[in-house]
Amino acid sequence: MFTKLNVFATAHAMATHAGHRHAVIARNMAHADTPGYKAQDLKPFGTLVRESGDASLFRNTRSTHMHGQSGPDWSAAEFTADAPADPNGNSISIEEQMLNAVDAKRQHDRAMAIYKSALTVLRTGLGRG
């Protein structure tokens, strides 16, 4: 009955994407003064879901999870952002990276809210809510 609860897999994938995006943003900020460094970012989660077309987006943590399906390598979704560069060739804007970090945090919070809501619905359905 409860073998395919895709809402939990989606929330997990969304939170994982947000975490990887945070790592990319942190790397950008660490290289804010590196000459020639170009800003990196990830494709939005919604775009990755649309491009995948099925549940192959989700990542299992053990071979018994999710019927053995494995998900994408999030680093493959990275791209170099087109941004104007400083005279030293660096394209990092700390302000823009801070806004990106806030956006990634909101995505993670949204994923956790979806997960919590789905648990509440499941508990209510089982009469334990």
Side-chain angles (χ1 to χ4, degrees):
M1 179 174 174
F2 297 114
T3 58
K4 288 191 174 186
L5 297 175
N6 288 337
V7 69
F8 294 111
T10 303
H12 178 264
M14 191 176 190
T16 303
H17 178 268
H20 188 74
R21 186 162 186 230
H22 264 293
V24 171
I25 293 165
R27 186 173 57 231
N28 285 343
M29 293 176 112
H31 289 284
D33 292 328
T34 304
Y37 187 83
K38 303 294 183 198
Q40 304 285 312
D41 204 352
L42 291 181
K43 290 181 183 178
F45 181 74
T47 302
L48 292 174
V49 171
R50 280 189 295 278
E51 288 176 357
S52 73
D54 62 358
S56 66
L57 176 70
F58 310 122
R59 178 176 298 186
N60 60 352
T61 56
R62 292 190 305 249
S63 61
T64 57
H65 282 181
M66 299 182 62
H67 309 292
Q69 296 176 356
S70 61
D73 175 16
W74 291 113
S75 61
E78 290 182 27
F79 65 92
T80 303
D82 293 327
D86 288 341
N88 69 357
N90 188 309
S91 67
I92 303 295
S93 165
I94 294 294
E95 294 84 6
E96 184 177 337
Q97 296 305 311
M98 289 174 67
L99 290 174
N100 289 345
V102 168
D103 183 51
K105 183 190 181 313
R106 285 183 181 157
Q107 179 182 357
H108 188 269
D109 291 347
R110 188 177 313 121
M112 293 299 100
I114 291 168
Y115 188 82
K116 183 178 178 182
S117 176
L119 278 178
T120 301
V121 168
L122 189 60
R123 284 186 187 122
T124 302
L126 294 172
R128 299 180 184 167

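In this structure, Ala111 and Ala15 approach most closely via the heavy-atom pair CB-N, 3.7 Å. Scanning both residues, Gln40 and Asn28, for their nearest heavy atoms gives O-ND2, 2.6 Å. Counting all heavy atoms, side chain and backbone alike, Gly89 lies closest to Lys38 at O-NZ, 3.1 Å. For the pair Ala18 and Ala104, the tightest heavy-atom approach, listed with the atom from each and the gap, is CB-O, 3.5 Å. Shortest non-hydrogen contact noted between Asp41 and Arg21 is OD1-NE, 2.9 Å. The heavy-atom pair separating Asn90 from His31 by the smallest distance is ND2-O, 2.9 Å.
Proximity of Asp109 to Met112: side-chain heavy atoms (C-beta onward) are nowhere separated by under 4.5 Å.
Atom-to-atom distance recorded for His108:NE2 and Thr16:OG1 is 8.0 Å, nearest 0.5 angstrom. Of the inter-residue distances, the one linking Thr10 atom OG1 with Ile114 atom CD1 reads 8.0 Å to the nearest 0.5 angstrom. With rounding to the nearest 0.5 Å, the separation of NE2 in His17 from CG in Leu42 is 4.5 Å. Here the CE-NE2 distance, from Met14 to His12, works out to 13.5 Å after rounding to the nearest 0.5 Å. The structure places CE of Met29 at 9.0 Å from CG of Asn100, a figure rounded to the nearest 0.5 Å. In this structure, the separation between CG on Asp103 and NZ on Lys105 is 12.0 Å, given to the nearest 0.5 Å.
Tracing side-chain contacts under 4.5 Å through hydrophobic residues (I, L, V, M, F, W, Y), one reaches Val7 starting from Leu119; they form part of the same cluster. When hydrophobic clusters are built by joining Ile, Leu, Val, Met, Phe, Trp and Tyr residues whose side-chain heavy atoms come closer than 4.5 Å, directly or via intermediates, Ile94 is grouped together with Ile25.
Summarising the local packing, CG of Asp33 is surrounded by 12 or fewer heavy atoms from other residues, nucleotides or ligands at distances under 6.0 Å. The neighbour count for Met98 CE, taken as heavy atoms of other residues, nucleotides or ligands under 6.0 Å away, does not exceed 12.
In this view, Tyr115 satisfies the side-chain hydrogen bond (donor to acceptor under 3.5 Å, both in side chains) rule with no residue, not counting sequence neighbours.
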